[in-house]
Amino acid sequence: MDRRHLLKNTLALGGLAGLSSLPAAAQSARPAVLMPIRAHADRIYDIKCCIRPFRTKGPNLSVEHVGDATVIHNYGHHGSGWCLSWGSADMQVQKAMSFGTRKIAVVGSGVIGLTTAVQALRAGMEVTIYTRELLPRTRSYRANGVWGPGTVALASEAQAGLGDIWEQMCRVSWKNFRPYMGMAGNPIAWSEHYELSDTPFDAKSSAPLTMANGEPAPVFYDMGNRLGDITSIPEVLTPDLNPFPGVKYARHSTKMFWNFSEYGHLLTTEFFARGGKIVMRDFHSPDELAHLPEKVIINCPGYAAHDWWRDKAMIPVRGQTEWLIPQPEVNYGFTYRNVETRSKSDGVMVIAIGPEQFAKSWKNSNEIASRAEAEGAVKVVAELMSRFPTRPA
Amino acid sequence: MRTKMIATVLILAAGMATAQARSSIWDGVYSDAQADRGRTSYMQNCSRCHGASLMGTYEIPPLVGRIMPYYAGSGLDALFDYISTAMPLDHPGALSPATNADIVAYILKSNDLPSGSKELTAAGTKAISFDAAKPRAKKK
Ligand SMILES: Cc1cc2nc3c(=O)[nH]c(=O)nc-3n(C[C@H](O)[C@H](O)[C@H](O)COP(=O)(O)OP(=O)(O)OC[C@H]3O[C@@H](n4cnc5c(N)ncnc54)[C@H](O)[C@@H]3O)c2cc1C
């Protein structure tokens, strides 16, 4: 289904007021009116740092045996764990069910573990989660949290058929997110997104990128153009429709994102309502799984697989988000000068992105929040906001 | 009667011999001097994440308190190996086995486990049980 048609038809039917991701020609010939983001260092109320669980071969979805226990892995979703969560859960729960058991264990309670557990409960299984942290304290909660599934493997090492598996995960996930839309508290919401640039979008520097550790840039597995129908494709804004003063080039799209608090609360509530149990526990060696009462175990430890499963295909990719005090009146986000913003229910998220940031993040497992990085990113937002005319008193 | 008593004493002695071969974190398995060195290394390498008081942060786990139930039932080598291979998080495996043993000693001390006269060694951690509570049979 062509997304533009979808949006046009939706508007024609009077639905989804506020969605303005239409081709320029179909929009009212006026730039959107944007409320300014109050970007000051003293409004940063949280900085969250985390490691993306990149796995050179792509997510580990394999099955192995530890003693008499069957372990079904489900980890290594890199920067796309939120996007892939339901699809990956569905695939691995089907595998678990194929062993004919009604009782399973899930290791981990990040977005992958918790979603897997809920999916198994929905399928009629009895589920116990074993985890050392609950969702709000996991790395999952420190993500950006926007729909835009990206690559999850190196070109040279990707497992066979990864593109098809990934697409299946994305599509199943997308369908599973649908029922959360329009719910009270907006567990999943949409916002206008502007990509902004001082130079033409096609005039990007072609200088080869070197990683901070001196290695050449990794070559990632190309997922191809598989999701055009369910991912917003940016459209160029002509200068008269560009709402950002002093910004030469602008593109516009509409992005789906998660409000972690509401979404996480719904997942957790459903887990308990369906009879799921949680045991707080820290595993130190894979052998310990053989002693669990459940003999089929779905293993969702995220990046921690690097140490507890000694999976050396896991590569840390550091990321940090800074959070400004919420501004519900701000209903857009933007990407400019290697900084991205997104207005969420629990705050205006700001994150440093781009090639230079990636070079610093690759194989970087430093998980200490950097105040300097946070303030640097907020400064970029502040500078852009300073270009908006102040409103008369 | 007498033969019975002797037999019982022998059995008890055999039991004590195996108990000594496998000791517990409650048996004074590190020295105070080692824990002091461990404290210095901890402050240099670990405290910026886990905090000077070992209490962690919201996102970074504490090394006092819940470490007792979380490691209970393993050998002390589970903790030692984890620190040796996964820590410091940004330079895993960067510290020497001796430094890691000192840090483990400091963590034990910070969890109010008794010190003793001997130093903890990397190899020695394998024969030490991580008991959450003082094992009754070994009360002195
Ligand atoms: C800055 C940043 C931005 C991101 N942005 C996005 C985005 O926009 N969209 C998107 O889809 N994804 C995004 N991601 C990626 C996404 O956050 C991850 O892919 C996802 O969180 C992985 O989830 P997980 O459940 O596998 O791992 P985790 O969240 O790390 O959860 C692992 C769970 O396992 C438990 N565990 C681990 N080891 C053990 C053990 N030995 N014993 C007991 N329990 C254990 C942990 O306590 C935890 O509960 C981003 C990541 C970062 C860092």
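Chain letters run A, B, ... following the sequence lines, proteins first and then strands; every chain starts at 1.
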CG-CG distance between A:Asp46 and A:Leu324, expressed to the nearest 0.5 angstrom: 11.0 Å
Side chain, backbone, both or neither: which part of [X] has a heavy atom under 4.5 Å from chain A?
{"X": "B:Arg66", "value": "side chain"}
{"X": "B:Tyr82", "value": "side chain"}
{"X": "B:Thr85", "value": "both"}

For the side chain of A:His78 and the backbone of A:Gly76, is there at least one donor-acceptor N/O pair under 3.5 Å apart? no
Residues of residues 30-40 of chain B within contact distance of chain A, non-hydrogen under 4.5 Å: none
Do you know the tightest heavy-atom contact between A:Thr116 and A:Ile112? OG1-O, 2.6 Å
By salt bridge (charged side-chain N to carboxylate O under 4.0 Å, His left out), which residues pair with A:Asp311, not counting sequence neighbours? A:Arg55
Looking at A:Arg310, A:Arg139, A:His306, A:Glu288, which has the largest count of heavy-atom pairs under 4.5 Å with chain B? A:Arg310
Looking at chain B, which one of A:Glu133, A:Arg142, A:Met280 has the largest number of heavy-atom pairs inside 4.5 Å, strictly under? A:Arg142
Flag this pair as yes if the NZ/CZ of A:Arg281 is under 6.0 angstrom from the six-membered ring centre of B:Tyr70 and inside a 45 degree cone about the axis; otherwise no. no
Distance under 6.0 Å and angle within 45° of ring axis: A:Lys344 vs A:Phe260: yes
Is the closest side-chain heavy-atom distance between B:Trp26 and B:Ile128 below 4.5 Å? no
Residue A:Pro136 versus chain B: region with a heavy atom under 4.5 Å: both
